[in-house]
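Here is the structure we will look at, set down as structure tokens.
Chain identifiers are assigned alphabetically (A, B, ...) following the order of the sequence lines, protein sequences preceding nucleic acid strands; residue numbering begins at 1 within each chain. The structure presented is a predicted model; accordingly, all values stated were derived computationally and were not measured.
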Amino acid sequence: SPKQRGRKRNRNCRRHALYVDFSEVGWNDWIVAPPGYQAYYCHGECPFPLADHLNSTNHAIVQTLVNSVNSNIPKACCVPTELSAISMLYLDETDRVVLKNYQEMVVEGCGCR
Amino acid sequence: ESNHASLIPEEGKKKVSGHHPGQSHELLRDFEATLLHMFGLQRRPRPSRSAVVPQYLLDLYRLQSGEADEAGAQEVSFEYPERSTSRANTVRAFHHEEHMEQVPSDGPYTTGTPLRFLFNLSSIPEDELLSTAELRLYRKQIEEASSEDAGNEGLHRINVYEVLKPPRPGQLITRLLDTRLVRHNTSNWESFDVSPAVLRWTRDRLPNHGLAVEVLHLNRTPRHQDKHVRISRSLHQAPGEDWDQLRPLLVTFGHDGKGHPLTRRTKR
């Protein structure tokens, strides 16, 4: 019987869930809201030696194969390519309340760079 | 260590757990320091028990983050201040120094004399450029004994001044910033634009002698003088009132050049 081929776990670079729970890290005494937030993070292989946006053409792939990229070149890294902001309500060091918009707090997209 | 681990994704934990405990503690402390620095904080805040979160800022957060739009969310009693927040990524709230509110005078406090509100704005970072500031005063409905009183009797004039010089007994040099005529048959928060004064104290580094607020009951017999607008703890001992939530509040809107303004977000 055909060997049950388990779904090959997609090890490629992608966004993974990561909920940052401020009460779990003991920050909920000074962060009033939100109680936590979906931060996500990027992780996975970048199998192709070219950054995603370069290997979008067959020509690039052929050139790469033909010219057999120098293996000393470090592999592309799996990093956030798009981030978004969250607003936070917190008490600062002087017990005063601050509402602030923090940029680049949520990973919206990942890619090989 | 177990507390902080959730800030680091699974892969990161494996790396961290490989170290001996002392080192991972240090790593996690560094990680926390990095996050606090990103929040613009020198050290981790340790709020005291007396810290008060004004309902206004909670409501601003809920409106801005889209939480207020969720089904069953608690109603918010004011419009989101689009104009102020469209140029700001930081909103700060301040209460005045109560021990300095009585203006030095020759005799005892007489009703209707202005009270002085001094706000300590030193926690505003230098790189945060303020664009607007509002003073919020709460006024509590007065049930009229008789209906004929509900006419012009219920009018109160609220004047908000900037104090220009250090107060001297019997002498308060001020400049009018905003004024409003209100009727005491409703309860409501009134917002006064005090941007010119606050920007002079912060952006232009001019001395901050505070604001002065005068409330006058416009009536031949001002029976309700000092009873409608909540401006001083000493004037209002109504049972069941939470003074910390009703006291005057200065709200500043500023931008530190990092990131986008606090425009309203629709809940994802």
Exercise for review: For chain A, find which of Pro54(B), Ala93(B), Ser50(B), Ala88(B) contributes the most heavy-atom pairs closer than 4.5 angstrom.
Suggested key: Ala93(B)

**Study point:** When Val251(B), Thr252(B), Asn120(B) are compared by non-hydrogen pairs under 4.5 Å with chain A, the top option
**Key:** Asn120(B)

Check your understanding: How about Glu79(B) and Leu63(B): do any of their side-chain heavy atoms sit closer than 4.5 Å?
Key -> no

Review point. Under a 4.5 Å heavy-atom cut-off, does chain A meet the side chain of Asp256(B), its backbone, both or neither?
Key: side chain

Check your understanding: Which atoms of Ser87(A) come close to chain B, meaning under 4.5 Å heavy atom to heavy atom: side chain ones, backbone ones, both, or neither?
Key -> both

Study note, to complete from the structure: Honestly, the part of Arg62(B) sitting under 4.5 Å from a heavy atom of chain A is neither

Practice item. Kindly assign one of parallel, tilted or perpendicular to the pair His16(A) and Tyr41(A), based on the angle between their ring planes and the thresholds 30° and 60°. Key: parallel

Check your understanding: So is Arg230(B) actually on top of Tyr138(B)'s ring, under 6.0 Å and inside 45° of the axis?
Key -> no

Check your understanding: If we only count heavy atoms from C-beta on, is the His255(B) to Thr90(B) side-chain gap below 4.5 Å?
Key -> no

Study note, to complete from the structure: Ranking Gly259(B), Pro47(B), Ala51(B) by heavy-atom pairs under 4.5 Å to chain A gives rank one to Pro47(B)

**Study point:** Side chains of Met88(A) and Pro34(A) in contact at under 4.5 Å (non-hydrogen atoms)
**Key:** yes

Check your understanding: What residue in Asp92(A), Asn101(A), Val32(A) has the most heavy-atom pairs under 4.5 Å with chain B?
Key -> Asn101(A)

Check your understanding: Less than 4.5 Å apart, any side-chain heavy atom of Arg247(B) and any of Glu98(B)?
Key -> yes

Practice item. Go through the atoms of Val52(B) and report whether side chain, backbone, both or neither lie under 4.5 Å from a heavy atom of chain A. Key: backbone

